[in-house]
Amino acid sequence: MSLRLTNTLTRQKERFVPLHAGKVSLYVCGVTVYDYCHVGHARVCVVFDVVQRTLRRLGYDVTYVRNFTDVDDKIIARAHLNGESCEALTSRFIDAFYEDMDRLDCQRPQVEPRVTTHMDEIRTMIAEIIARGHAYLAPGEFGGQDVYFDVRSFAEYGALSGRAQEDNQDGASDRVQHDDRKRNQADFALWKSAKPGEPFWTSPWGNGRPGWHIECSAMSCKHLGTTFDIHCGGKDLVFPHHENEIAQARAANDGQFAKHWLHNGFVTIDSEKMSKSLGNFFSIRDVLKRYHPQVLRYFLLTAHYLQQLNFSDKALDDANRRVLYVYEKLALADQVLVNLPQARSPTPAVCLEARAELMEALSDDFNTPRALAALSEPIAALAKALEKPKDQPSQERAWHLRALIQEASEVLGLFHLDPAKTAADILQLAKDRLFPAGSEQEAEVERLVQARNDARAATDFAEADVLRGKLTALGVEIRDSREGTQWRPLLSE
RNA sequence: GGCGACAUGGCCAAGUGGUAAGGCAAGGGACUGCAACUCCCUCAUCCCCGGUUCGAAUCCGGGUGUCGCCUCCA
């Protein structure tokens, strides 16, 4: 099966043909490290983590690069506000980024370049752009020179975002001030002259720092070459960031730059884009205080990456129920199969079909909802096989299904954790959401459960049912079994 | 103002020409003291209007609605 992907550049789903047989060069636009990441950032990382895993599963040797932007206006402003250095700020949030992404099971790229360690490449690229007549100098506010990219000099400008230059309404954004030093208001800074009190680097144009877009052109070309396979990021980067990256790289080099562009849709809240500026965002770590990372990851993969995805407690609760169910089944499977290290029977058709469908789904523009659907039948079949734990053929069947799910879990980064522990963790988080551990409410629940058990032992079922009604009202679900009575938070509505 | 995306059952979400995947919820059955859990079963003709076609959720035209981008954004 061959890989197809939607290329923003051509606006079409196209067959993927790598530049070099068997190899893929992949660049993902990372984050600006001045704050904790929110669910929107999580989506980028999770989505392209699955892309990267899929490419590997398809047999490609992947070079995966993702940058950190550690020089930026917002970083400088935040560091100043906090009274700390930019380095202290960025290194703290890089650590936090790793913490979040590790919890979400996003594998780390091979190369994670930072702006601060690529100044030579950036300066060289700017010099080349100037030399080739695509940029010009303008006097800086506090001495030195600003360098601007001359958009008019690059005929293809606008090809990625599909807009003519005159389409961009001057003043459509109130963030941008008219600047007479620019030849064209669409021109953007390659180098910004230093302002007092700001970090700066030396350059032929005076002290200053790079503009936002040049870093990614310089770092991607450095680590992947001037022509590489795939460049990814959020949809909001299409214009201007990626448009400018293309202009810079192609102005400076003879290469084609990225051949395929992948852009993921936004995470929304009440159908509005989650963003820092709107203030309607949830940080990853806040969400993970309430829901297991696998639940968040599952949720992020329930929609195709191109679509927008609405974030809500309802959606997380739905995901929570499903992920818990799967882990409970896997835990049961591991228990049942403890004495069956290897099946002897041939792989059943359901496994072969699911495996094929899974990879076909992922090969079809990384269709994760379809991939998850492909897993539904084997999961249901496993549950059914586990109904007869002593039955030999059922065990054999369960073994194969368990193995299939394991294999799939490694591509999706889902359902691969220790099942019993994960199920317990998910439930613990649900209890914590209902009320804090060790709280008075918890003690009250324990008392009611005990009282109900006493009533049942005395066959006073009327009393037992009254007590269960009270527990239900508290949001607690009761499960009676031969081993005794268990309680857990009510997860259904 | 320009450019673009989306609209599928109660909720979420696949499907881009051949007759609607999957998840959650809900209903029925088995199980249960009764329940819950679990297992089994059931549950849509695809925003509106017009067109193309033997045939359209899928293509074309026109509406309506929601959202995004137009140099802070993942």
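Just so we're clear, the structure is a prediction, and the values are computed from it rather than from any experiment. Just so it is clear: chains get the letters A, B, ... in the order the sequence lines come, proteins before strands, and each one is counted from 1.
- Look at N310(A) and you won't find any side-chain N or O under 4.0 angstrom from OP1 or OP2 of rC12(B).
- In this structure, R322(A) reaches the rC24(B) phosphate: one of its side-chain N or O atoms is under 4.0 Å from OP1 or OP2.
- Comparing the C1' positions of rA14(B) and rC6(B) gives an interatomic distance of 15 Å, to the nearest angstrom.
- Phosphate contact (OP1/OP2 of rC69(B), side-chain N/O of K273(A), threshold under 4.0 Å): present.
- Out of rC34(B), rG15(B), rC70(B), the shortest distance to the side chain of F239(A) is found at rC70(B).
- Using a 4.0 Å heavy-atom criterion, one finds that N184(A) contacts no nucleic acid atom at all.
- In this model, the phosphate group of rA25(B) is approached by a side-chain N or O of R321(A) to a distance below 4.0 Å at OP1 or OP2.
- Checking the phosphate oxygens (OP1, OP2) of rC73(B), a side-chain nitrogen or oxygen of W212(A) falls inside 4.0 Å.
- rU64(B) and rC49(B) are spaced 15 Å apart, taking the P atom of each and rounding to whole Å.
- In this structure, of rA74(B), rG33(B), rC37(B), it is rA74(B) that holds the atom nearest to the side chain of V31(A).
- If you check every strand for non-hydrogen atoms under 4.0 Å, I478(A) touches a base.
- Atom C1' of rG2(B) sits at a distance of 33 Å from the matching atom of rC12(B), rounded to the whole Å.
- Close to rC39(B), at under 4.0 Å from its OP1 or OP2, lies a side-chain N or O of Y325(A).
- Nucleic acid contact class of H304(A) (heavy atoms, under 4.0 Å, all strands): sugar-phosphate only.
- A donor-acceptor distance shorter than 3.5 angstrom exists from the side chain of R4(A) to the backbone of S2(A), with no hydrogens or angles considered.
- Residue V267(A) is in base contact, counting any heavy-atom pair closer than 4.0 Å across all strands shown.
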